[in-house]
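Note sheet for the following structure.
Being a predicted model, the structure only gives us computed values, none of them experimental. This chain uses plain numbering: 1 for the first residue, then up along the sequence.
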Amino acid sequence: MAQCVQSVQELIPDSFVPCVAALCSDEAERLTRLNHLSFSELLKPFSRLTSEVHMRDPNNQLHIIKNLKIAVSNIVTQPPQPGAIGKLLNDVVSGSQPAEGLVANVITAGDYDLNISATTPWFESYRETFLQSMPASDHEFLNHYLACMLVASSGEAEPMEQFSKLSQEQHRIQHNNDYSYPKWFIPNTLKYYVLLHDVTSGDEQRAESIYEEMKQKYGTQGCYLLKINSRAPNRASDEQIPDPWSQYLQKNSIQNQESYEDGPCTMTSSKNSDSNLLSLDGLDNEVKDGLPNNFRIHPLQIDQCGDPPNNTDGSEYAKSASSVHETKKASTGVIRGACLTLTDHDRIRQFIQEFTFRGLLPHIEKTIRQLNDQLISRKGLSRSLFSATKKWFSGSKVPEKSINELKNTSGLLYPPEAPELQIRKMADLCFLVQHYDLAYSCYHTAKKDFLNDQAMLYAAGALEMAAVSAFLQPGAPRPYPAHYMDTAIQTYRDICKNMVLAERCVLLSAEILKSQSKYSEAAALLIRLTSEDSDLRSALLLEQAAHCFINMKSPMVRKYAFHMILAGHRFSKAGQKKHALRCYCQAMQVYKGKGWSLAEDHINFTIGRQSYTLRQLDNAVSAFRHILINESKQSAAQQGAFLREYLYVYKNVNQLSPDGPLPQLPLPYINSSATRVFFGHDRRPADGEKQAATHISLDQEYDSESSQQWRELEEHVVAVANKGVIPSSFYPTQYCLNSYSDNSRFPLAVVEEPITVEVAFRNPLKVPLLLSDLSLLWKFQPKDASGKDIEKVKERVTGEPEMIGTEVISEFLINSEESKVARLKLFPHHIGELHILGVVYNLGTIQGSGTVDGIGALPGCHTGKHSLSMSVRGRQDLEIQGPRLNNTKEEKTSVKYGPDRRLDPIVTEEMPLLEVFFIHFPTGLLCGEIRKAYVEFVNVSKCPLTGLKVVSKRPEFFTFGGNTAALTPLSPSTSENCSAYKTVVTASPSLGTAIVSTASSMDFGTGTGQQLEAIPVPLPDSVLLPGASIQLPMWLRGPDEEGVHEINFLFYYESVKKQPKKRHRILRHTAVICTSRSLNVRATVCRSNSLEDEEGRGGNMLVFVDVENTNTSEAGVKEFHMVQVSSSSKHWQLHKSVNISENKDAKLASREKGKFCFKAVRCKQKEGGIQSSEKYTFADIIFGNEQIISSASPCADFFYRSLSSELKKTQDQLSAYPEKHREATEGAVRLVEKCSEVDLSIVILWKAYVVEDNKQLILEGQHHVVVRTIGKEAFSHSQKEEPPEMELLKFFRPENTTVSTRPSVEQLSNLIKTSLHYPESFHHPFHQKSLCLVPVTLLLSNCSKADVDVIVDLRHKTTSPEALETHGSFTWLGQTQYKLQLKSQEMHSLQLKACFVHTGVYNLGTPRVFAKLSDHVTVFETSQQNSMPALIIINNA
């Protein structure tokens, strides 16, 4: 239980006090009414004695009574009605609320920190009022009147006669059978005569003389002269006198003063002095039956217009709470005790002392003695023994003659003079004067007698008071007999059906148990008495039980919360809305955030409803908000009900302040960090063959790798545009800002171009949400061209269309538990600073039908097809937290976040806007296929644009053509059936002979140095005017690797008018091309052994080209035709085809392989010096009657682009080597390497015939093979490398091995070219001459540009058995070793003789040739090997 102001040792004596009746004459009542008080009310503040009182018990022992209090009340002849008591209790509870600003106790239990109100004053007020408003009953005498004060005024004509009348009246009420109420303790009631004297208006001498007369008649112990009203009423305001009555009367005065004066019936105050009941006024207005007081009606009697008496408890009393407040207001204007001075207060106090000392206590002492003597003289203690013996022998109860035979549900009823009741009377008297030892023994004796007689009501009463007496005994008390109380409660409740008495038992016993820290037992007791007959009682007891659980040694927090919920529910049923709300709020502390989501929802819903009923609208909104924003596990129907309730409450809140700021709405959830901002127009969809550039849009997912690529492309093109330097002010263009982009700077938006904000909504509920009139909320600071503020800040409340246009989405439906994005646009029409604050919308739900869980449809709902059932206007702010800072030490050690400015764009001046369209752009190509498409550039802005460039990571994929491109058709319509190539019809020259042309790489806009090139787009006058469009041809070549390729194009352009903030703009396009396999080309070059070169210098080479059709017919390709083979090189050119077939047409069906052999010769050096370094010689060998000019666009473009990408790869490889190695190889080794270098590029041009939709299409394409070295095979595309085998781990550090700078054997073997010239077959008559001599010429050619020393050794013998078996043995005749020196690229011939002894086939390639560079000593010496065997046939003639 909660802490109380009074301890239980103070509470019980204050609850059971001697009761004294007051009977006043009209004149006496009038005197007290001058102070707005009745006589009994006048005495209330002074009814507690200030000193100890002594009396003697029956054993003549002195007994001390401390803090004795008496209760004086007017006589009432009607018992109170239960309905009236219920109403009173309801009003008392509702009138007592927690004090404002009260600091609650903080209780820490486990994980919980709870703010709990330590005291419950409403419960104490209820308990006090309940105990004091209990009607007197026959089975106990605690609240029966012991004495009666007869009060008359000294101003009356015949005061003594008046006293006689009052005395007779009292006697009539007590002894006449017409009055069953009030109850009197004993027949011989003490009468105490009080003479009231008005000091200001009365005659003091007369009063004294009357008092003297009284003393003589009634004795000095039985009368008193009380002087009051020492000052006149009109002087009441002159001096401030304390008002001791307010705490007794004002706090719970149920009816205000005026109601007494005008009311249909008069009310008097109750019996007990502290009763906090109905105040009394205007008694002199009504006199009935000649009586001076209207005591026929109890103060708790309900007036005719009141509530029916059977409604003891319930919500109909909710309105009484307001009457309490009205009472307080009304009663504050009344000054009580206005005619009384402090001296009068002391006189009243003295009067009470005198009455108690001289009148009441001696009367009680005498009565106790009489009862004691009576009991002893009658039967004494033997009676109990006698009854038990009689019961034992007879086996059944034989009641005494004095016992009434009438039975009721609770057993026997005793007549007033029964001895058992005399014991009870004595016990009650002892209890009232705090003689608890004697009281306990009497109760204990009476209890046995009552139980023997089966008088259960009496027995329960005795048990109850015996338990209380045992607890209150001084000294070493007995243990508290809780079982007595349990039996009493059970008897009252189950047998006697008297819940009022049972409740009193529980209240007393719980307090006693609490004082002994037996909280568990107290809680069980309180819970036992909760029942359906009284919601108010059940609520209060459940609340106290909850406090028991929390006050235990180990607090039971969840039990506390659960019982608080139950108490709140019962408070609600009893109409105590404020208390219900408080209970739910206290319990919420336990359930909040602990995963009890359904419990939380129930509590919040109830808090919301109660707060709404009490017009605490903000609290109601907050509670409903919590239901909606927690991840609810409720059913869809229940959530719908919650939402409708919330909207209804919110609407009411908004109606209170329609012009106030828009409220923050809790639904739907907004994931602020997922907000994306896009600057620019939406992408246009594809229109027929026209396909717009993909650029960037909100539909694209963010890819960090791709983003980095675009950034590198932009950096490169900006560097090119700024002569190789990236400006310091450069910042990568960001069209779409999201949580991954760098949002630390203010983004730039362009005037007249839309800003799209994508807001990510999520509906956590299982019911759909309908947002209507959804738009962005913004703030705008307009600026002029120089950047100065020109107007006040504009805010988007009603909208400023002339500054910023705002798009409104009329309806946006989010289905249950759906995440959905809304794209909202702003259209800036002026430059300045824009701040996007959030979104504004009407929140509602689609109209449903029916009720849910008893929650009916609320008023204000409107039905309609897909219409809002109800909606409220509100906003949600977009607050984005920036990235966590982690650079400095301070930032690393603390949690700091950087800014995120994606919602704060700066609107800049107008810029040009380019749109790019691709016409006839393919999605699928064969590897190496050439396709011609067109690109359309459109300037859709009002500014001209210039400096248009395009950059790509794959420049080998496309070309706009070189300077020769003017010869091609300019529009798609004119080039329907044209070849992508520039062709010339040729009259067939000598079969397979090359046609030679030259071209410079400069003509094609490509240097061969770098891979990444910014290619200028050839615009006429390099400017595109506003609204203008231009179409340019674009050739595409399918990448060499099969698969899906994403090729990024970045178009860069600038405004003609330079902008300070935004210098350039970009447009992105990603082309996705799917390539399928076509041809695989391999090429090898080897030196020719023939000496047909007319000049005799430099030698010839043979080029072997293998072409394989790797296409698997997926693309419907029937066959490939080799149309032409071209070469391109600075030094070599194809001369003619060696193995050309007769039908000239080289066809390859699926999986077929073809081999071509060409003779290559050195290019003729032309004059031109430096320029010739970029001149390439193109030689075309045609297999048909149409020559494709390979030195023109697009063939040469793609050749140069593939060449530059090849160069890039070799440069990357070279850069991997250490620097020292490169320096070392520069010298002699480089000379040796140059001998084997060729740098000949072969271009294979082909046509493929494809059947598609029963039509035959002709596709064209080209493959490139770059042959770098003699004898090394080159491929048209890189071969897949085999993964290296796993090696064992080595756990030692390798020694620093220096890289060998020797050239390889392969390179050295190419220093000298050897060639043997001899007759293929030789006829010799062996029968005539046994030795056959054949002349052989050995040709030596120096391939390098340095002098070479050569040694030719003829002594070599073949030792391998295979060679001996295949070729016979022969001998060289003459000199066996020659030493020569060959100058740069010199040729030398040696005449040799071979000697054969019989016929056969011989290999003449046995001479060993050693070579070394002249200025080196012995390094690099190696044997030269012939490229092929030199076979001779010797025949017999």
Side-chain angles (χ1 to χ4, degrees), residues 674-703 706-707 710 714 732-741 743 747-761 771 774-776 778 796 801 804-813 819-829 834 836 839 878 902-903 905-908 910-919 921 935-943 945 1024 1026-1027 1029 1046 1048-1053 1062 1064-1072:
T675 302
R676 298 195 295 165
V677 185
F678 177 68
F679 301 97
H681 295 279
D682 292 340
R683 178 174 171 254
R684 292 192 190 179
D687 178 18
E689 285 294 313
K690 257 192 184 188
Q691 180 193 348
T694 54
H695 192 40
I696 185 169
S697 76
L698 288 168
D699 297 323
Q700 297 167 1
E701 291 294 325
Y702 176 81
D703 177 13
S706 153
S707 179
W710 287 117
E714 186 176 358
T733 306
Q734 296 189 121
Y735 282 107
C736 184
L737 301 178
N738 51 33
S739 52
Y740 304 106
S741 55
N743 304 323
L748 297 177
V750 178
V751 74
E752 303 299 342
E753 289 186 22
I755 300 167
T756 308
V757 179
E758 183 183 87
V759 184
F761 290 110
L771 312 186
L774 172 64
S775 61
L776 289 170
W778 50 261
R796 161 84 169 90
I804 306 284
T806 307
E807 182 190 47
V808 178
I809 298 177
S810 59
E811 278 194 351
F812 186 76
L813 181 68
S819 294
K820 192 173 179 182
V821 294
R823 291 179 183 166
L824 299 157
K825 289 187 180 176
L826 295 178
F827 301 92
H829 303 311
L834 179 64
I836 298 163
V839 288
L878 291 169
R902 70 181 97 158
L903 294 175
I906 295 171
V907 183
T908 64
E910 215 165 17
M911 287 283 287
L913 186 62
L914 176 72
E915 283 192 0
V916 177
F917 298 96
F918 296 88
I919 303 160
F921 200 88
V935 190
E936 183 176 12
F937 297 97
V938 186
N939 182 357
V940 293
S941 68
K942 296 177 182 173
C943 304
L945 66 86
L1024 196 59
S1029 69
E1046 280 195 1
N1048 294 335
F1049 297 91
L1050 186 130
F1051 296 94
Y1052 167 99
Y1053 58 99
K1062 211 173 172 90
H1064 69 275
R1065 300 193 85 173
I1066 59 168
L1067 177 71
R1068 301 177 184 179
H1069 177 63
T1070 301
V1072 180

Quick one: do Trp710 and Asp703 satisfy side chain to side chain contact (heavy atoms under 4.5 Å, CB included)? Show the steps, please. CA-CA 11 Å; Trp710 287 117; Asp703 177 13; over 6 Å; no

Could you state the interatomic distance from CD (Glu701) to OH (Tyr740), rounded to the nearest 0.5 Å? 8.5 Å

Here the pair of heavy atoms bringing Val821 nearest to Ala760 is CG1-CA, 3.9 Å

Taking Tyr735 for the side chain and Ile696 for the main chain, is one N or O donor matched with an acceptor at less than 3.5 Å? no

Could you tell me which non-hydrogen atom of Ser941 sits nearest to which non-hydrogen atom of Met911, and how far apart they are? CB-O, 3.6 Å

Distance (rounded to the nearest 0.5 Å) between Ile804 CD1 and Ile755 CD1: 6.5 Å

Checking the side chain of Gln734 only, and the main-chain atoms of Ser741 only, is there a donor and an acceptor separated by less than 3.5 Å? no

Residues two or more places apart in sequence or in another chain: which of them pass side chain to side chain donor-acceptor pair (under 3.5 Å) with Glu915? Arg684

Does the side chain of Leu824 reach to within under 4.5 Å of the side chain of Thr756, using non-hydrogen atoms? no

Taking atom OG1 of Thr908 and atom CD1 of Ile906, what is their separation to the nearest 0.5 Å? 9.0 Å

Closest heavy-atom pair and its distance - Leu913, Asn939: O-OD1, 3.3 Å

Tell me, yes or no, whether the heavy-atom count around Tyr702 atom OH, taken from other residues, nucleotides or ligands under 6.0 Å, exceeds 12. yes

Before we go on, tell me: are the rings of Phe812 and Phe761 under 6.0 Å apart, centre to centre? yes

Using 0.5 Å steps for rounding, measure from the CZ atom of Phe679 to the CG atom of Leu737. 5.0 Å

Of the non-hydrogen atoms in Asn743 and Asn738, which two are nearest, and what is the gap between them? ND2-O, 3.0 Å

Rounded distance [0.5 Å steps], CG in Leu945 versus CZ in Phe937: 10.0 Å

Test: Glu753 and Arg1065 ion pair at under 4.0 Å: yes

Mind telling me whether Phe918 and Phe921 have parallel, tilted or perpendicular rings, with 30° and 60° as the class edges? perpendicular

Tell me, do Arg823 and Arg676 make a side-chain contact under 4.5 Å, heavy atoms counted? yes

Give a yes or no on whether a salt bridge exists between Lys825 and Asp682, defined as a side-chain N under 4.0 angstrom from a carboxylate O. yes

Run the ring pair (Phe, Tyr, Trp, His ring centres under 6.0 Å) check on Tyr1052 and His1064 step by step: do they pass? CA-CA 7 Å; Tyr1052 167 99; His1064 69 275; 5.1 Å; yes

Which atoms form the tightest heavy-atom contact between Tyr1053 and Pro912, and what is the distance? CE1-O, 3.5 Å

Tell me, do His1069 and His695 make a side-chain contact under 4.5 Å, heavy atoms counted? no

Could you tell me which non-hydrogen atom of Val808 sits nearest to which non-hydrogen atom of Ser775, and how far apart they are? CG2-CB, 3.9 Å

Measuring from atom CD of Glu758 to atom CZ of Phe678, what distance do you get when rounded to the nearest 0.5 angstrom? 11.0 Å

